[in-house]
Each structure stands twice: as C-alpha cells, then as structure tokens.
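Throughout, residue positions are numbered sequentially from 1 according to the sequence presented.
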Amino acid sequence: MEKIIVRGGQRLYGTVKVEGAKNAVLPVIAATLLASDGKSVIRDVPTLSDVFTINEVLRNLNAEVAFDNNTVVVDASRVLKEEAPFEYVRKMRASVLVMGSLLARNGRARVALPGGCAIGSRPIDQHLKGFEAMGAKVKVGNGFIEAEVDGRLRGAKVYLDFPSVGATENIMMAATLAVGTTTIENAAKEPEIVDLANFLNKMGARVKGAGTGTLRIEGVDVLFGADHNIIPDRIEAGTFMTAAAITGGNVLVKGAVPEHLSSLIAKMEEMGVTIIEEEDGVRVIGPERLKAVDIKTMPHPGFPTDMQSQMMALLLCADGTSMITETVFENRFMHVEEFRRMNADVKIEGRSVILNGPSNLQGAEVAATDLRAAAALILTGLVAEGVTRVTELKHLDRGYVNFHEKLAGLGADIERVKEADETFIELGKYVTDLNA
Ligand SMILES: CC(=O)N[C@H]1[C@@H](OP(=O)(O)OP(=O)(O)OC[C@H]2O[C@@H](n3ccc(=O)[nH]c3=O)[C@H](O)[C@@H]2O)O[C@H](CO)[C@@H](O)[C@@H]1O
Ligand SMILES: C=C(OP(=O)(O)O)C(=O)O
C-alpha cells in the first residue's frame with residue numbers, strides 16, 4: 001500500500017504549473033469517436049489514471065489511441081464497436097460519456113450502468129431523457145443501458161431538470177450528428193462545456209451558446225478529426241491556491257485562469273487571502289489569520305463542489321464559525337470523519353457542515369474517500385502538528401499529476417512511500433540514532 005507522508009509546519013513559496021483539465025479532457029476524448037474521417041490530436045493532456053481509463057475504453061471500441069508527451073492521438077475512422085463494459089465504468093463514471101458519441105455514430109450504444117459512488121447515487125436519467133427526446137429507445141437491463149435509434153437521431157428540445165455537466169456533454173455530442181437542431185435548456189455552463197463545444201466546432205459541428213444556459217446544436221452529416229489544446233485545470237489550480245493560503249505562503253499558480261475561478265477567488269478574498277492576477281497565472285498570499293466564511297456549492301458559476309473538501313481544510317484554520325452547504329451531491333461529506341481523526345472541530349448537520357475554527361489540527365493516519373478528499377487531507381497535513389499519513393492514493397491519482405512532488409517543489413515536507421519503504425526508512429532512522 002502506498003501512502004503520502006506529510007510533516008506539517010512549512011510555508012509554501014514559489015511557482016507551480018497546472019496541468020490540462022481532467023474534466024475537460026475526458027469528454028473531449030469521448031468526442032473524438034464522432035470523427036469518421038481523420039485523426040484527432042489532443043494536447044496538454046494530463047497523465048492521470050482517468051485518462052488511461054478513457055483511452056482503454058476507446059481502444060475497446062476499436063478506435064486507435066496513442067498517448068505520449070501529454071498528447072493523445074485518436075483515429076476513430078474504423079467501424080466502432082458499441083459496448084463500454086463494467087470494468088471501465090466501475091473505475092471511472094465518466095466512461096458513460098462515450099454513449100452520446102456512439103449513439104450518434106453507430107445508432108446504437110451499450111454502456112454498463114455506472115451505479116453510485118462515494119459522493120452520491122449519481123443517476124444518469126437526464127442523459128437518457130435527452131437521447132429519448134432525440135428518438136432513441138432506451139432499455140435498462142442486466143446491468144447495462146442500451147440505446148438504439150432507427151436511422152439517425154433527430155434534433156429535439158431538451159430541458160434538463162438540473163444543469164448536469166455530464167448530461168449536457170453527452171446530449172451535445174449526440175446532437176452534433178443528428179438531423180435538425182437540438183436545443184438544451186438549463187444546460188451546464190462550466191468552462192469544460194465551453195472547451196468541449198470549441199473542440200466539436202473544430203471537428204465541423206455547429207454548437208452555439210456554450211457557457212450560457214441554452215445550447216443550440218445544428219446537426220451535420222459528418223465530423224472530422226481536429227487538433228485541440230485542453231484548458232488548464234481550474235480544480236487543480238484551486239487546490240494549489242488553497243495550499244498557499246493554508247500555509248500562509250506566497251505561490252504563483254501558473255496557468256490558473258481567473259475567470260474560471262471567480263467564486264473561489266471571491267471566497268478566499270473574504271477570508272483575508274491576497275489574490276493577485278498576474279500575466280501567466282494567479283498569485284496567492286496567505287494571511288497570518290484566516291476569517292471564517294459560509295459556502296454553498298452550486299453549478300458554475302457558483303462555488304464548485306470539486307473544491308468543497310479543500311475549502312473545508314482551509315476553513316478548519318479560520319477564526320470563527322463557518323458553514324459549508326453541499327447542494328450538488330447528496331453525500332459528499334465522507335471526508336469529515338477523516339478530518340475529525342485529525343482533531344478537526346467539524347460536524348455534519350443535514351446537507352451542511354459546521355466548523356468551529358481554528359481547529360488544533362494534529363497529524364494522524366487518514367484514508368482518502370475520493371480524489372478531492374485526498375488532496376484536502378494532504379493540505380490539512382501541511383498545517384497539522386506532527387505527521388499525517390494519507391492512504392487510498394488511487395483516488396488522488398485519478399485527478400492530480402505528481403501532487404506530492406509539486407508540493408515538495410514549493411517547500412512542503414512530503415514524500416510518497418510504499419509501506420515497506422516506510423518501515424525501512426524508520427529502521428534506518430533507528431540505526432542512525434543508535435550509532436549517534
Ligand atoms: C468527469 C466530470 O466532468 N466530472 C464532474 C461532473 O460530474 P457529473 O457530470 O457526473 O456531474 P453532474 O453535473 O451530472 O451531477 C450533478 C448532480 O446532478 C445529478 N444528476 C446528474 C445527471 C443525471 O442524469 N441525473 C442527476 O440527478 C447528480 O446525481 C448530481 O447530484 O460535474 C460535477 C459537478 O460539477 C463534478 O463534481 C465532477 O467532477
Ligand atoms: C467528482 C469528480 O470527478 P468524477 O466525476 O470523475 O468522479 C471530481 O473531479 O472531483
């Protein structure tokens with residue numbers, strides 16, 4: 001078993017560079033399946049386990065995929081298969097994003113039911129509602145969702161009950177090759193939706209309104225491979241901004257796009273953090289004392305749920321009482337119990353969490369419950385007294401490239417070890433002490 005070991009007490013200084021966005025690259029790679037002609041070249045791709053998984057899903061569907069030097073090249077011009085099996089969907093829910101492309105290309109898609117995960121039940125009813133509105137027949141059985149259409153999908157009006165990111169993406173991809181025009185009302189407005197729309201338009205699609213609540217997609221007959229650079233990861237950027245703030249440090253987060261981070265910047269400023277927009281990123285200077293604030297997660301441009309646990313780490317260090325309300329996922333507080341193991345004064349009340357800060361944080365052995373919780377526990381370890389050991393790093397690797405190395409580059413006392421290595425290191429220290 002691998003662990004990250006953090007010894008608290010170092011302020012972070014320097015520059016850290018963000019990678020391409022996980023949540024942009026996964027739908028973009030799924031969209032490459034729409035190109036029956038030509039190769040797609042996707043650049044600034046982070047080397048995350050989720051990217052390896054989506055690449056495997058595509059290979060399994062008979063696409064040719066190469067991944068080297070942060071660049072993914074996809075040739076999806078061969079006849080595609082139609083099934084995404086459970087072994088991939090189980091590893092990564094975003095595998096369901098191939099459904100829209102497959103349905104549009106093949107007229108048929110069969111994808112394993114994703115089921116729930118650590119942050120909520122996460123149904124995909126809104127995705128399916130969109131496909132049905134476009135003329136697909138959807139059947140659920142034996143652990144699979146099957147969608148099929150006679151001939152081509154037809155443009156339709158789709159109203160989403162909630163501005164779901166995945167449903168907006170899946171329906172948008174399906175609509176690009178439909179006959180006629182599709183409108184998606186109450187669409188998600190996340191920067192990753194805009195990135196996907198830009199990629200689709202480069203492929204020859206006609207998508208308008210990305211970034212607003214109404215998307216209009218005029219179907220075309222054929223799409224072509226295209227060349228695209230993925231936007232910077234606003235959640236990775238926000239995580240490093242939090243690392244700077246929590247340690248009272250001074251860090252330039254290179255590549256952070258302020259317009260993608262406006263709710264986080266506003267909340268950090270309310271807490272007394274200095275944020276300076278520089279030419280190539282965002283500089284964060286942590287204050288001596290942080291102020292308590294209330295936070296409610298919302299769809300973009302509201303406060304992102306993917307920053308909720310990192311912000312919880314920061315609020316544990318603030319003076320006074322804070323409240324965090326989670327409105328996007330019904331069960332995204334699994335990390336609270338882990339924070340409590342670090343002596344955090346935090347309790348859950350319904351869909352909110354109440355924090356009385358500053359907590360007298362102490363190092364402990366804690367387990368990551370999802371990828372953002374993994375990052376948040378490590379951030380807490382940066383300021384806790386003593387040693388924090390974080391396990392279940394498979395979650396971290398889904399969303400962060402070389403997280404501990406980037407933090408070490410900023411001055412954190414952090415290492416990643418295998419359990420056997422740790423015993424060896426401890427033994428080494430013991431022998432050194434004996435010899436002293
Ligand atoms: C790969 C990716 O991009 N993941 C992001 C994406 O996930 P994802 O696309 O899964 O998130 P959604 O926006 O779809 O989900 C938001 C809420 O809507 C509900 N819902 C969603 C679809 C549906 O058909 N029915 C339904 O009820 C979900 O259970 C959840 O409670 O957006 C989330 C919300 O910003 C982020 O936390 C994830 O990091
Ligand atoms: C919840 C997240 O991702 P996913 O939707 O891929 O589980 C996340 O990135 O925080």
Would you mind checking if Arg351 and Glu326 are paired as a salt bridge, meaning a charged N to carboxylate O distance below 4.0 Å? no
One thing to verify: whether Lys3 and Glu365 come together as a salt bridge, which I'm taking to mean a side-chain N less than 4.0 angstrom from a carboxylate O. yes
Nearest-0.5 Å distance that lies between atom SG in Cys317 and atom CE in Met312: 13.0 Å
Atom of Leu252, atom of Gly281 and distance for their closest heavy-atom approach: CD1-C, 4.0 Å
Can you confirm whether or not the ring centre of Phe52 sits under 6.0 Å from the ring centre of Phe67? yes
Within the distance-only criterion (no hydrogens, no angle test), does the side chain of Asp370 pair as donor or acceptor with the backbone N or O of Arg372 below 3.5 angstrom? yes
Would you give the length of the straight line joining atom NE2 of His404 to atom CD of Glu2, rounded to the nearest 0.5 angstrom? 8.5 Å
Rounded to the nearest 0.5 angstrom, the OG1-CG distance for Thr239 and Leu264 is 9.0 Å
Would you check if the side chain of Asp37 reaches a backbone N or O of Phe224 as a donor-acceptor pair within less than 3.5 Å? no
Between Thr369 and Glu338, do the side chains contain a donor N or O and an acceptor N or O under 3.5 Å apart? no
Note: Ala63 and Leu80 closest approach over all heavy atoms is N-CD2, 4.3 Å
With rounding to the nearest 0.5 angstrom, report the NZ to CZ distance, Lys347 to Arg340. 9.5 Å
Hey, is CG on Asp161 packed in by over 12 heavy atoms from elsewhere, all under 6.0 Å? yes
May I ask you to decide if Met323's main-chain N or O and Asp294's side chain share a donor-acceptor pair within less than 3.5 Å? yes
Is there a donor-acceptor pair closer than 3.5 Å between any side-chain N or O of Thr168 and the backbone N or O of Ala188? yes
Going by distance alone, is a donor N or O of one side chain under 3.5 Å from an acceptor N or O of the other, for His335 and Gln308? yes
If we only count heavy atoms from C-beta on, is the Val73 to Val65 side-chain gap below 4.5 Å? no
pair Val257-Ile231: side-chain heavy atoms closer than 4.5 Å: no
Test side chain to side chain donor-acceptor pair (under 3.5 Å) applied to Asn356 and Thr321, step by step: CA-CA 5 Å; Asn356 285 306; Thr321 302; 2.8 Å; yes
Can you list the steps and then say if Leu160 with Ile171 is a side-chain contact (heavy atoms from CB on, under 4.5 Å)? CA-CA 10 Å; Leu160 298 179; Ile171 298 166; 3.9 Å; yes
A side-chain contact here means heavy atoms from C-beta on lying under 4.5 Å apart; do Asn198 and His228 qualify? yes
Do Arg283 side-chain atoms and Ile275 backbone N/O form a donor-acceptor pair below 3.5 Å? no
Which value, rounded to the nearest 0.5 Å, describes the distance between Leu26 atom CG and Leu196 atom CG? 11.0 Å
Strictly below 4.0 Å, N to O, side chains only: are Arg416 and Asp397 in salt-bridge contact? yes
Pairwise salt bridge (Lys or Arg N to Asp or Glu O under 4.0 Å) hits with a residue in residues 230-246, at least two apart: Glu192-Arg234, Glu236-Lys406
If the test is side-chain contact (heavy atoms from CB on, under 4.5 Å), which one of Val149, Leu103, Leu153 qualifies with Met134? Leu153
Decide whether Thr305 and Arg332 meet the rule of one side-chain donor and one side-chain acceptor closer than 3.5 Å. yes
Is Arg108 paired with Glu82 through a side-chain N to carboxylate O contact shorter than 4.0 Å? yes
Give me the atom names and distance for the closest heavy-atom approach of Val353 to Val346. CG1-CG2, 3.2 Å
Report yes or no: does Glu330 contribute a side-chain atom to a donor-acceptor pair with the main-chain N or O of Ser121 at less than 3.5 Å? yes
Consider only side-chain N and O atoms of Ser352 and Thr325, and report whether a donor and an acceptor are under 3.5 Å apart. yes
Test item: Glu269 and Thr274 side chains (from C-beta on) under 4.5 Å apart, heavy atoms: no
Can Asp44 and Asn70 be counted as having a side-chain donor-acceptor contact under 3.5 angstrom? no
Tell me if a side-chain donor or acceptor on Thr183 pairs with a main-chain N or O of Lys157 at a distance below 3.5 Å. no
I'd like to know if the side chain of Ser77 pairs up with that of Asp75 as donor and acceptor (distance under 3.5 Å, no hydrogens or angles considered). yes
With side-chain contact (heavy atoms from CB on, under 4.5 Å) as the test, would you mind laying out the steps for Val366 and Thr391 before giving the verdict? CA-CA 6 Å; Val366 287; Thr391 61; over 6 Å; no
Regarding Gln126 and Ser164, is there a side-chain donor-to-acceptor distance under 3.5 Å anywhere? no
Which atoms form the tightest heavy-atom contact between Ala292 and Gly320, and what is the distance? CB-C, 3.7 Å
Taking the side chain as every heavy atom from C-beta outward, state whether Val74 and Val72 have any pair of such atoms under 4.5 Å apart. yes
Report the C-alpha distance between Leu58 and Val98 in whole Å, list the side-chain angles of each, state the deciding distance to 0.1 Å, and finish with yes or no for side-chain contact (heavy atoms from CB on, under 4.5 Å). CA-CA 8 Å; Leu58 260 68; Val98 298; 4.1 Å; yes
Tell me, do Glu169 and Ile193 make a side-chain contact under 4.5 Å, heavy atoms counted? yes
No-hydrogen, no-angle side-chain donor-acceptor test under 3.5 Å, Glu185 and Thr214: yes
Between Asp221 and Arg152, is there a salt bridge with N-O shorter than 4.0 Å? yes
Val138 and Glu146: CA distance, side-chain angles, deciding distance, side-chain contact (heavy atoms from CB on, under 4.5 Å) verdict: CA-CA 6 Å; Val138 177; Glu146 283 180 19; over 6 Å; no
More than 12 heavy atoms of other groups within 6.0 Å of Lys254 NZ: no
Check ring pair (Phe, Tyr, Trp, His ring centres under 6.0 Å) between Tyr400 and all other residues, then give those that pass, not counting sequence neighbours. Phe403
N/O donor-acceptor pair under 3.5 Å between Arg78 side chain and Asn62 backbone: yes
Verify whether one side chain among His127 and Asn170 offers a donor that lies under 3.5 Å from an acceptor in the other. yes
Can any side-chain N or O of Arg105 pair as donor or acceptor with the backbone N or O of Leu33 at less than 3.5 Å? yes
The reported gap from CG in Asn186 to CG in Leu215 (rounded to nearest 0.5 angstrom) is 11.0 Å
Would Lys202 and Asp227 pass as an ion pair if we require N to O under 4.0 Å? no
Heavy atoms only: give me the nearest Gly225-Ala35 pair and the separation to one decimal. N-CB, 3.4 Å
Closest non-hydrogen contact found for Ala243 with Leu379 is CB-CD2, 3.5 Å
Any non-hydrogen side-chain atom of Thr388 less than 4.5 Å from a side-chain atom of Leu377? no
Assess whether a salt bridge exists between Glu132 and Lys129, defined as any Lys/Arg side-chain N lying under 4.0 Å from an Asp/Glu carboxylate O. no
Hey, does Met268 have a side-chain heavy atom less than 4.5 Å from the side chain of Met241? yes
